[in-house]
Amino acid sequence: MGFINGIKEVAKSNLKRIVLPEGNEERTLIAASIINAENIAKVILIGDEADIKDKAGKLEISLSGVEIQDPENSLKTDIFANEYYKLRKAKGMTEEKASTIMRDPMYYATMMVKMNFADGMVSGAIHTTGELLRPALQIIKTGPGASIVSSFFVMIMKDISFGEDGMILFADCAVNPNPNENELASIAISTAESAKKLCNIDPKVAMLSFSTMGSADHELVEKVKNAVKIANSARPDLDIEGEMQADAALIDTVAKRKAPGSKVAGISNILIFPDLQSGNIGYKLVERLAGAIAIGPICQGFAKPVNDLSRGCSVEDIVNVVAITAVQAQ
Ligand code: ACO
């Protein structure tokens, strides 16, 4: 696939350290050996070293050159626990609890990223989205230019007349259940920046609604309109328009009728959904009914990259998400 192959090449050009906290998980181990052999990133596995090596032996894969760290006997565990305690004491964290929590590979790996022992993290082959995001939201937090963490999917359409040669970014389809107007504006800006960095496309952002340019009057439409105003005033350099319906965003003839003069309608390559219900339903419908390939969710807005996997992920999915995370870290 063109997009992923391009990402892998960029990842190889400037190797980043990506930590995988699910170091004892078989798909993760196979992916780590492939990433290492193809030189896509420097992988760090978290888990019991003897167990990992035993599993690698049974799987007949080589992990030579792959770093392994075990929070149970790492010298860093106490340092991380102390730092975590300092970060969270205002929220009721105690030194004792912090020391126990830091034995959890998810928290240990998140602290590795926070304290610059790794450049990014990928997890979720056995953990839920919440189990990955919660430590990252608490510890890594948002980076400059983003008020919230959000996510997007790169949708590769069969019909290449849509978006950028068939590539359209959908956001937010995985993180924020009900963003307010400021948060929606932040999602639009973050996704435009991600599109430039990861997909090399000139962002044309459509803020979706059931109304196009004032055709309906409702508080839900008002939220989207206000988000457009906030995004435009924060980033006048970006083409972010709305509110608009999906057909006006995507189809030239509809755009000419419903949104004449728009710089985005009819040619949009980024669709921003008003909430998680519409976003999550939207991407799954396009994936299943239109046969699109959905790559993601890719997180954005974190101070350092953290990405989630589906628990049904394949080895190839893990390799791809590590490559994407490595490029985000560059
Ligand atoms: N951006 C930045 N910070 C955030 C965000 C965000 N989007 N969401 C929460 N936070 C912060 C909070 O400010 C808080 O920080 P603090 O503890 O320092 O004050 C901390 O994270 C915890 O906040 P909570 O509101 O308690 O968040 P919670 O832990 O309940 O959940 C989560 C956050 C996991 C992201 C939740 O919103 C969620 O479950 N989202 C939906 C995930 C999901 O199920 N997606 C669909 C499936 S994925 C798929 O289909 C591909």
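Order of listing sets the numbers, starting from 1, for every ligand and every atom in it. Keep in mind that the numbers below use all heavy atoms, side chains included, and drop hydrogens, waters and symmetry copies. Positions are given from 1 along the sequence.
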Kindly list each side-chain donor-acceptor pair under 3.5 angstrom involving residues 200-228, sequence neighbours excluded, with atom names and distances?
| unit_1 | atom_1 | unit_2 | atom_2 | d |
| --- | --- | --- | --- | --- |
| Lys204 | NZ | Asp239 | OD2 | 2.7 |
| Ser209 | OG | Ser211 | N | 3.3 |
| Ser211 | OG | Ser215 | N | 3.3 |
| Ser211 | OG | Ser215 | OG | 3.4 |
| Ser211 | OG | Ala216 | N | 3.0 |
| Ser211 | OG | Glu243 | OE2 | 2.6 |
| Thr212 | OG1 | Gln245 | N | 2.9 |
| Thr212 | OG1 | Gln245 | OE1 | 2.6 |
| Ser215 | OG | Thr212 | N | 2.9 |
| His218 | ND1 | Leu220 | N | 3.0 |
| Lys223 | NZ | Asn178 | OD1 | 3.2 |
| Lys223 | NZ | Pro179 | O | 2.7 |
| Lys223 | NZ | Pro274 | O | 3.0 |
| Asn226 | ND2 | Glu181 | OE1 | 3.2 |
| Asn226 | ND2 | Glu222 | O | 3.4 |

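- A distance-only check finds no donor-acceptor pair linking the side chain of Glu22 to the backbone of Ser123 [under 3.5 Å].
- Closer than 4.0 angstrom to ligand 1 by heavy atom are Arg88, Lys91, Thr129, Gly130, Leu133, Arg134, Leu137, Lys141, Ile148, Val149, Phe153, Ala174, Val175, Asn176, Pro177, Leu276, Asn280, Tyr283, Lys284, Pro297, sorted by chain and number.
- Between Lys258 and Asp247 there is a salt bridge, since at least one side-chain N of the basic residue sits less than 4.0 Å from a carboxylate O of the acidic one.
- Aromatic ring pairs are classed by plane angle as parallel below 30°, tilted from 30° to 60° and perpendicular above 60°; the pair Tyr84 and Tyr107 is perpendicular.
- Cation-pi check for Lys76 over Phe117 is met; the charged atom lies under 6.0 angstrom from the ring centroid and within 45 degrees of its normal.
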Give the C-alpha distance, both sets of side-chain angles, the deciding distance and a yes or no for ring-ring contact (aromatic ring centres under 6.0 Å, His included) between Phe153 and Tyr283.
CA-CA 8 Å; Phe153 277 87; Tyr283 103 79; 3.8 Å; yes
